[in-house]
Amino acid sequence: MELKSVIESRRSIRKFLPDPIPDEYINEILDAARLAPSGGNIQPWRFVVIKNPEAREKLNDFTLGFVANAPVTIVCCSDLDASRSYRERYKELRKAGAFEGVVLDMPKSSIQKTNVMNIDQIKGSLNLNTAIAVEHMVLRATDLGLGSCWVMMFNRKELASWLQLDNNLYPFCLLPIGFANQKPLPRPRKSLDEIIVKVI
Ligand SMILES: Cc1cc2nc3c(=O)[nH]c(=O)nc-3n(C[C@H](O)[C@H](O)[C@H](O)COP(=O)(O)O)c2cc1C
């Protein structure tokens, strides 16, 4: 599909057919996440793929009922330790020539301000990166003829405990995916006039 068609035809899908998703599709979707950009290329996203029927059923204990009806749900996590690899990732980027011939200078006063992040800001920034990877998966799923829905309403603590996630893995959102059993019209959106503050 053309990217424009993917963007225009994507909907949040909350009704799924029981048909299974081919494994190649799941891999394609996860690979779309892998290719997402991230600050300093730290790639903090980590995924748990839930597809066996008992595990799917168990999701009913933690989240909205429609999620368990999807043949696959991806638990999208942020690795809260990912910033530790910042230097390593930066070296890789340099080696790959990402900054060759690029002006990276900025006023010293600004560098000092941007460098200071507290724990909550770091977590927010990691989740921001994970969100980009999630939207890559949403768009690739649409491209493959599948429906999906971002789900942020779930009990993170209980889900993490059931999945026995290491403490550094924060379950950021769920992404149920499957063939759609509904054809929703476009959902309401603000007009461009409402979202463009100014053009200068
Ligand atoms: C960050 C984020 C969190 C969301 N959380 C939920 C959710 O917990 N449950 C749900 O049913 N939909 C959730 N949605 C889907 C939105 O309700 C949906 O994107 C919005 O209503 C617009 O509809 P559309 O996606 O079909 O265009 C979420 C979407 C985003 C981007």
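Counting convention: from 1, in listed order, for ligands and their atoms alike. These numbers were taken from a predicted model, which means no experiment stands behind them.
Under a 4.0 angstrom heavy-atom cut-off, Glu135 registers as lying outside contact with ligand 1. Ligand 1 lies within reach of Phe66, whose nearest heavy atom is under 4.0 Å from it.
A donor-acceptor pair under 3.5 Å is absent between the side-chain atoms of Gln43 and the main chain of Ser38, judged by distance alone.
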Practice prompt. Check step by step if side-chain contact (heavy atoms from CB on, under 4.5 Å) holds for Thr73 and Leu175.
Written response: CA-CA 5 Å; Thr73 289; Leu175 192 68; 6.0 Å; no
Item to complete: Please assess Arg84 against Asp81 for the test salt bridge (Lys or Arg N to Asp or Glu O under 4.0 Å), listing each intermediate value before the final yes or no.
Response: CA-CA 6 Å; Arg84 290 190 189 160; Asp81 288 343; 3.7 Å; yes
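Distance from atom 27 (O) of ligand 1 to its nearest protein heavy atom, with residue and atom name: Arg189 NH2, 2.8 Å. Scanning all protein heavy atoms for the shortest distance to atom 6 (C) of ligand 1 gives Trp150 O, 3.0 Å. Nearest non-hydrogen protein atom to atom 18 (C) of ligand 1 is Ser12 OG, 3.3 Å.
The nearest protein heavy atom to atom 20 (C) of ligand 1 is not closer than 4.0 Å.
Lys15 forms no cation-pi arrangement with Phe66, by the criterion of a distance under 6.0 Å to the ring centre and an angle within 45° of the ring axis. Within the cation-pi definition used here (under 6.0 Å to the ring centroid, within 45° of the axis), Arg156 qualifies as a partner of Phe154.
Polar contact with ligand 1: absent for Arg11 (N/O pair, distance under 3.5 Å).
Each of Asn127, Leu165, Leu126 was checked for a side-chain contact (heavy atoms from CB on, under 4.5 Å) with Cys77, and the lone residue meeting it is Leu165.
With no hydrogens or angles considered, no side-chain donor-acceptor pair links Ser5 and Glu8 at under 3.5 Å.
Considering each of Arg14, Arg187, Met153, Met152, the one bringing a non-hydrogen atom nearest atom 16 (C) of ligand 1 is Arg14.
Each of the following atoms of ligand 1 lies closer than 4.0 Å to a heavy atom of Leu64: 9 (N). Close contacts of ligand 1 with Cys149, meaning ligand atoms under 4.0 Å from a residue heavy atom, involve 12 (N).
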